[in-house]
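Proteins come first, then strands; the chains are lettered A, B, ... in the order of their sequence lines, and each starts at number 1. Just so it is clear, the model here is predicted, and its values are computed rather than measured. All heavy atoms count here, side chains included; hydrogens, waters and symmetry mates do not.
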Number of protein chains: 2
Amino acid sequence: MGIIRKTKSVEALLNEFNKSSSAISAKKLIQSLDSKFNKTTIYRVLDKLEDDGVLHSFLGKNGLKWYAKCNDCSSNKHRDLHPHFQCLDCGKVDCLAVSVSLPKIPNRKIEVSQLLIQGKCETCFA
Amino acid sequence: MGIIRKTKSVEALLNEFNKSSSAISAKKLIQSLDSKFNKTTIYRVLDKLEDDGVLHSFLGKNGLKWYAKCNDCSSNKHRDLHPHFQCLDCGKVDCLAVSVSLPKIPNRKIEVSQLLIQGKCETCFA
DNA sequence: TTATATTTGCAACTTAGTTGCATTAAAATT
DNA sequence: AATTTTAATGCAACTAAGTTGCAAATATAA
Ligand SMILES: [Mn+2]
Ligand SMILES: [Mn+2]
Ligand SMILES: [Zn+2]
Ligand SMILES: [Zn+2]
């Protein structure tokens, strides 16, 4: 079940995601908003925003949880099946607005897939 | 640095990987060998076998660490750049012996990538 | 057999994420 | 505006995968 009330924490988190277009880890959000909100609150609000189709989540390096804005999702329809890129130098993570062609796998039913590409970002590569 | 001595724990772990061709999670190995070895030992031997190019590791559902046998790797050359399939019903994880065509990403340098496909395996799909 | 260096077990630790519950605060109702 | 209702919050305690330091055990070389 998603967000019902427009609280301070909801506004603060949405604000964080409006400041940059990159993905943000739960860990970073907890650090940034530490003085204002409890980590439990942050985890719970993120979870609800994902239910609502406002954010989507995925696992980055070391299994850490990351969140990024959705483009055309709603609570009914989540379609964030794009790959993500994580810079091994600066740690930045971005959504890649491209579609991945999955390999053919006989006798299995594919439900979801996640592709994480790692390397050097534009800034760190130059 | 890799394996130097052929100890009981090394043999036991290699034996586990020879019993099945599927990947095995560190968690499962710790459970299976709980009566014989300490979990610290298991983590350390797995790490060394990976260094030696005998096993490769990757993260599955929920960021859990999985290991599987390498095919043609050595301590110098690791090439396990294949995708993995995890069954959401029975939990089984397999290496997929196919190559993935990564999308073109301008101005970035790709170093590694990991593709995890989830769904129903042959057994659970039928 | 002895010496040396690697491996092991254990306990304590780290850290991301979760849970239960009493309190607080939105928002709906009167 | 005051009251009621119910969702959201803070806090502390917990969970669980994985790590670390160190003394004791064991494989291998001498
Ligand atoms: Mn994304
Ligand atoms: Mn594999
Ligand atoms: Zn970078
Ligand atoms: Zn299955």
Between B:D47 (CG) and C:dT7 (P), how many Å, whole number?
12 Å

Measure up the B:H82 and B:H56 rings against each other and bin them: parallel (under 30°), tilted (30 to 60°), perpendicular (over 60°).
perpendicular

Counting only heavy atoms and a strict 4.0 angstrom limit, can you tell me which residues of residues 61-70 of chain B come near DNA chain D?
B:L64, B:K65

If only atom types and distance count, is the side chain of B:D52 paired as donor or acceptor with the main-chain N or O of B:I3 below 3.5 Å?
yes

Within residues 32-45 of chain B, find the residues that approach DNA chain D with a heavy atom at under 4.0 Å, and present them sorted by residue number.
B:K39, B:T40, B:Y43, B:R44

Residue-phosphate contact under 4.0 Å: A:T7 side-chain N/O, C:dA25 OP1/OP2
no

Any donor-acceptor N/O pair, B:K69 side chain to B:F17 backbone, under 3.5 Å:
yes

Spacing between A:K27 atom NZ and C:dT14 atom P, to the nearest angstrom:
14 Å

I need the NZ-P distance between A:K8 and C:dA27, as an integer number of Å.
11 Å

Looking at CG of B:L81 and OG of B:S99, how far apart are the two atoms once the value is rounded to the nearest 0.5 Å?
10.0 Å

Minimum-distance nucleotide (side-chain atoms of A:R5 versus D:dT9, D:dA17, D:dT6):
D:dT6

Under 3.5 Å side-chain donor-acceptor pair for A:S20 and A:S22
no

Rounded to whole Å, the CD1-C1' distance (B:I4 to D:dT28) equals 11 Å

Do you know the tightest heavy-atom contact between B:Y43 and B:A26?
CE2-CB, 3.8 Å

Within this structure, what is the NZ-to-P distance between B:K28 and D:dA16, rounded to whole angstrom?
17 Å

Taking NZ from A:K6 and P from D:dT6, how many angstroms apart are they, rounded to a whole number?
21 Å

Using only heavy-atom distances, determine whether the side chains of A:Q114 and B:Q114 contain a donor-acceptor pair under 3.5 Å.
no

Please evaluate residues B:E16 and B:K19 with respect to the criterion salt bridge (Lys or Arg N to Asp or Glu O under 4.0 Å), reporting the C-alpha separation (whole Å), side-chain torsions for both, the decisive distance (0.1 Å), and the verdict.
CA-CA 5 Å; B:E16 290 296 312; B:K19 286 200 293 195; 3.3 Å; yes

Could you give the distance from CH2 (A:W66) to CG (A:D94), rounded to the nearest 0.5 Å?
9.5 Å

